[in-house]
Amino acid sequence: MTKFFKIMLLFTVLPVILLADAKDNALTYGFLTIIPPFVAIVLAFITRNVIFSLFIGIFSGTFMVNITGSNVFVAFYNAFVDMSGKMVGSLADSWNAGIVLQVLTIGGMIAVITKMGGPRAIAEKLAKRAKTPASAQIYTWIMGFFIFFDDYANSLIVGPIMRPVTDKLKVSREKLAFIIDSTAAPIAGLALISTWVGYELSLIKDAYVILGQPEVNAFAIFVETLPYRFYNILMLAFVFFSAYSLREFGPMHKAAVRAYETGNVSNPQSKGIMNQENSFMLPKEGVTYSIYNAVIPIFVLIVVAIVGFYLNGLSSLKGEVLAAAQASPYSFNTIKDCFGSADASIVIFEAALLSSLVAIGMGLKQKIFDIHEAIETWVFGAKALVITAVILILAWTLSAVMKEVGTAAYLVSILADSTPQFILPSIIFILGSLISFSTGTSYGTMGILMPLTIPLASAVGINTGLEGTDLHSYIVLNIGAVLTGAIFGDHCSPISDTSILSSMASSCDHMDHISTQMFYAIFVGIIAILFGYLPAAFGVSVYILLPLGLLVIYLVIRFYGKPYMKVKAS
């Protein structure tokens, strides 16, 4: 019997042993309600495969609620049918279906515009301005902001364009990979329009359903979490400060000295250099690159989404809020209410679909491809994000299972009275980083933690005397801890998909990239806790903490970081 089969057997048979006396009473499961997320988390550490881990976590939960007698085989069959039904139900939900379509459609649009050479044209415009190692790194950082809509696209587009420039100016491949990796997921996670936002909105919405608030404004809460994304913001600042000052520390300084003094931008002792060949993100040969091939479709995406949020949200307003909107249709409060009431999953899908049609039309007019090749390219781009859709469906299904067995309610009952208010956000951030590190994916981590975090944060806050706005802000803080802890762990993980893509796009040895980036990521993660989540939980304003954290980052780089060359930043 293989080790893999033994593990699977253990976590599917374990509920049979533990629940022999529970049978028909789902309300008395007690500590057994933690089995679904526990199985998912433990298997994530053991197998490092988030899809398998979520699948078995779901099955263990459906198995629990389908033990109706002593016949184990009937229970297995009923559990499988129940699991299948929940998956179908997750995808049948109009919100979830919109999210999946949104992700796949943006993936198709990315493929089309990159096939047309649009993003590469913009990158090359910036690359021509890079005259020093500092400016080369800063422009790489800037390009990461421009390609905000997807972390995969960010890595695959920026790396091949800037690599010749940074090589020429003796910037180590490790530093290039670090910049790319640190401006991929952190920016996509912060962007209001991206392949990430729909997933994050769906998790927030589902978790509030567990809390008993099905009508919650998920998009408004998402926006409120942005200042609390301490790791994302501080990491982006760290990249800029280190690039501008030409100062490094830890393993990255050693790589920088090697590149500057010997000209070896890659570690000569490394043999596992990764490169990005045969990627669907590469533009078609012979294409005349034009920045408009990227700017126009993306502009259409953004404008249509903004207008769509307003119109869709306006149609959803009722009562006094609608009357106020009709009286002052373009006031700040009206726009805020409209954006908050909009169905973001449908709006962004519609915007992405229209921008895809615009991109295809532009390509056909320029004779870059024919209609058959255009559709084939779009479909290929959508297929590249099917794995994301799979994780989405499994995460939604696990959330439904945990709701059915009462996982959140049980955790709240045992932890709400014993967990100090000030420590919970930091615990959530650290736990998220550990799960993400073991699985190599931020998505799965968010799917596992979010349904548990929001109800728990609500109960802990109430039991410590928080109410109204203070309680809401505390929940938002913990949501931010989930979303950033997942990215922090992803940055440190050698099996992270975005880290692998960053290594590949930079033609950098993957373990060289991880070993140099991990040192920086852990440093920024510690700052995010000490100058972010801990004091924020005590009620310190985020608008005090962010400048303080940025100052600490700058001072450490300035006085602890070591210069490795005499070229001045520009």
Side-chain angles (χ1 to χ4, degrees), residues 91 95-122 146-158 184-185 187-188 191-202 276 278-284 287 289-305 308 344-393 443 497-498 501 505:
L91 189 56
W95 172 275
N96 293 349
I99 296 299
V100 171
L101 290 173
Q102 168 198 138
V103 169
L104 298 180
T105 305
I106 290 180
M109 184 206 69
I110 292 169
V112 173
I113 66 173
T114 51
K115 197 78 170 180
M116 295 160 61
R120 172 160 290 193
I122 295 174
F146 178 79
I147 307 173
F148 60 87
F149 44 82
D150 183 71
D151 53 333
Y152 290 1
N154 188 308
S155 298
L156 292 170
I157 293 171
V158 176
I187 289 177
L192 296 179
I193 300 175
S194 73
T195 53
W196 284 56
V197 64
Y199 180 48
E200 293 172 329
L201 289 177
S202 68
Q276 183 204 5
N278 302 319
S279 170
F280 80 90
M281 301 302 296
L282 292 175
K284 187 176 180 180
V287 171
Y289 302 148
S290 170
I291 62 173
Y292 298 108
N293 286 343
V295 171
I296 292 177
I298 294 173
F299 180 76
V300 170
L301 172 66
I302 295 172
V303 171
V304 172
S345 65
I346 299 300
V347 171
I348 299 180
F349 164 61
E350 293 170 343
L353 183 59
L354 182 58
S355 63
S356 295
L357 295 175
V358 169
I360 291 174
M362 292 177 63
L364 293 175
K365 184 177 180 179
Q366 299 172 53
K367 298 182 179 179
I368 295 175
F369 39 60
D370 57 27
I371 186 63
H372 174 76
E373 186 178 6
I375 294 176
E376 187 177 57
T377 300
W378 189 93
V379 171
F380 196 77
K383 285 167 58 179
L385 292 179
V386 166
I387 186 67
T388 301
V390 173
I391 295 175
L392 283 170
I393 295 170
Y443 274 44
D497 48 5
T498 50
L501 285 176

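Annotation: side-chain contact (heavy atoms from CB on, under 4.5 Å) contacts of Leu354 (sequence neighbours excluded): Val300, Val304. Not counting sequence neighbours, the partners of Ser202 by the side chain to side chain donor-acceptor pair (under 3.5 Å) test are Trp396. For the side chain to side chain donor-acceptor pair (under 3.5 Å) test, residues two or more places apart in sequence or in another chain that qualify with Gln366 are Asn293. The side-chain contact (heavy atoms from CB on, under 4.5 Å) check on Leu357 picks up nothing, with sequence neighbours excluded. A search for side-chain contact (heavy atoms from CB on, under 4.5 Å) contacts involving Phe299 returns Val303, not counting sequence neighbours. With sequence neighbours left out, Ser356 forms a side-chain contact (heavy atoms from CB on, under 4.5 Å) with Thr105, Met109, Trp378.
We find the CZ-CD1 distance between Phe146 and Ile187 to be 12.0 Å, quoted to the nearest 0.5 Å. Rounding to the nearest 0.5 Å gives a distance of 13.5 Å between CD1 of Ile110 and OG1 of Thr377.
Taking each heavy atom of Ala305 and Ala351 in turn, the nearest pair found is N-CB, 3.7 Å. For the residue pair Ala374 and Ile360, the shortest heavy atom distance occurs at CB-CG2, 3.8 Å. Val358 approaches Ile296 most closely through the heavy-atom pair CG1-CG2, 4.1 Å. Residues Val112 and Ala359 approach most closely at CG1-CB, 3.7 Å, considering heavy atoms. The minimum heavy-atom distance linking Tyr292 with Met362 is given by the pair O-CE, 3.4 Å. What you find for Ser355 and Pro297 is that their closest heavy atoms are CB-O, 3.3 Å.
For the pair Leu91/Asn96, no side-chain contact is recorded, criterion being any heavy-atom separation below 4.5 Å from C-beta on.
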Could you check Ile106 against Ile348 for side-chain contact (heavy atoms from CB on, under 4.5 Å), going step by step and ending with a plain yes or no?
-> CA-CA 9 Å; Ile106 290 180; Ile348 299 180; 4.1 Å; yes
